[in-house]
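Input: a single structure, listed below in structure tokens.
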Amino acid sequence: MKIKISPSMLASDYANLEQELEKCEKGGADLIHLDVMDGHFVPNISIGAPVISAMKKVCKVPFDVHLMISDPYFYAEDFIKAGADIITFHTECDSDIEKTIKKITDGGCKVGLAVKPNTPIENVYPYLDKISMVLVMTVEPGFGGQSFMESVMPKVAAVREKCPDMDIQVDGGINTETVKIAGKAGANVFVAGSAVFKSEDPAETIKTLKQNAVVNEI
């Protein structure tokens, strides 16, 4: 599986989004991770479709949109139109999962399904043949800068065993050390916020993340 690094814009400088996106693009990022929070599904509010649409105009890297919202079915079309390339939503949401997957794929986007740390990974199993990626949260969703939860690694390993060719993403507390643990468990897509944007050399950090993950790749 190809190793992919998806810098999380949640940790970026929102006053200079175009320059931050340029750092990611020049630094070798494979995806741009965009967290959308509604203040209801998680206790935080972030950006919405209009901001993503504006960002899309100045960035060629594929957009990896993570909907931490209660009703992804209702809002999916907005994010498709805004330029999302892959839309990930949570099994714990209020929307019908099958219908939401269909709406996103019918709109021309890939689909990811996410689980919170305390949600059984088995909740994604009925949909594995309909999606492109599984996201295993390695922190409680809602805020950046949290510590990596190694306790969820068996979920990553379980999906990798079941789906050898599936993209498996981890999000939360990923840095140049924890990426080794997640890579060893079977993850191949790594969301890194603070590790990238708080580093003195984002390009070097992205390179190191990829190297450290590859060493441990299954």
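Here, residue 1 is the first one in the sequence, and each next residue gets the next number.
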Spacing of [atom1] belonging to [X] relative to [atom2] belonging to [Y], to within rounding of 0.5 Å:
X: M137; Y: Q169; atom1: CE; atom2: CD; answer: 9.0 Å
X: F79; Y: L34; atom1: CZ; atom2: CG; answer: 9.5 Å
X: R160; Y: N188; atom1: CZ; atom2: CG; answer: 5.0 Å
X: I47; Y: D35; atom1: CD1; atom2: CG; answer: 8.0 Å
X: I97; Y: Y127; atom1: CD1; atom2: OH; answer: 4.0 Å
X: M55; Y: S12; atom1: CE; atom2: OG; answer: 6.5 Å

Does one hydrophobic cluster hold both [X] and [Y], with members joined at side-chain heavy-atom distances below 4.5 Å?
X: V191; Y: L21; answer: no
X: Y73; Y: I87; answer: no
X: I121; Y: V189; answer: no
X: V179; Y: M133; answer: no
X: F74; Y: V42; answer: yes

Do [X] and [Y] sit within salt-bridge range, that is, some charged N less than 4.0 Å from a carboxylate O?
X: D167; Y: K110; answer: no
X: D64; Y: K4; answer: no
X: E77; Y: K81; answer: yes
X: K56; Y: D85; answer: yes

Taking side chain as C-beta onward, heavy atoms only, is [X] less than 4.5 Å from [Y]?
X: V111; Y: I131; answer: yes
X: D171; Y: I174; answer: no
X: S199; Y: E204; answer: no
X: E22; Y: V58; answer: no
X: K130; Y: T105; answer: no
X: S194; Y: S8; answer: no
X: D30; Y: K2; answer: yes
X: P62; Y: I86; answer: no

Steps toward side-chain contact (heavy atoms from CB on, under 4.5 Å) verdict (H90, I69): CA-CA 8 Å; H90 278 258; I69 63 178; over 6 Å; no
Verify, without hydrogens or angle tests, whether [X] (side chain) and [Y] (backbone) share a donor-acceptor contact under 3.5 angstrom.
X: T178; Y: G173; result: yes
X: S6; Y: H33; result: yes
X: T138; Y: G172; result: yes
X: T205; Y: V196; result: no

Please determine whether the number of non-hydrogen atoms from other residues, nucleotides or ligands lying under 6.0 Å from atom [atom1] of [X] exceeds 12.
X: E18; atom1: CD; value: no
X: Y14; atom1: OH; value: yes
X: K26; atom1: NZ; value: no
X: F63; atom1: CZ; value: yes
X: E150; atom1: CD; value: no

[X] and [Y]: which non-hydrogen atoms are nearest, and at how many Å?
X: D78; Y: A49; answer: O-CB, 3.8 Å
X: D13; Y: E20; answer: N-OE2, 2.7 Å
X: A158; Y: Y125; answer: CB-OH, 3.6 Å
X: I206; Y: P7; answer: CD1-CG, 4.2 Å
X: A185; Y: M153; answer: CB-SD, 3.7 Å
X: A114; Y: H66; answer: CB-NE2, 4.3 Å

Test: K116 cationic atom under 6.0 Å from F41 six-membered ring centre, within 45° of axis: yes
side-chain contact (heavy atoms from CB on, under 4.5 Å), paired with F190, selected from L31, N175, V170: V170
Audit row: V134, L128, side-chain contact (heavy atoms from CB on, under 4.5 Å) steps and yes/no: CA-CA 8 Å; V134 172; L128 289 174; 3.7 Å; yes
Stepwise side-chain contact (heavy atoms from CB on, under 4.5 Å) check, L10 with F197: CA-CA 9 Å; L10 191 64; F197 289 105; over 6 Å; no
Q211 vs T176, side-chain contact (heavy atoms from CB on, under 4.5 Å): CA-CA, chis, key distance, verdict: CA-CA 9 Å; Q211 288 174 339; T176 54; over 6 Å; no
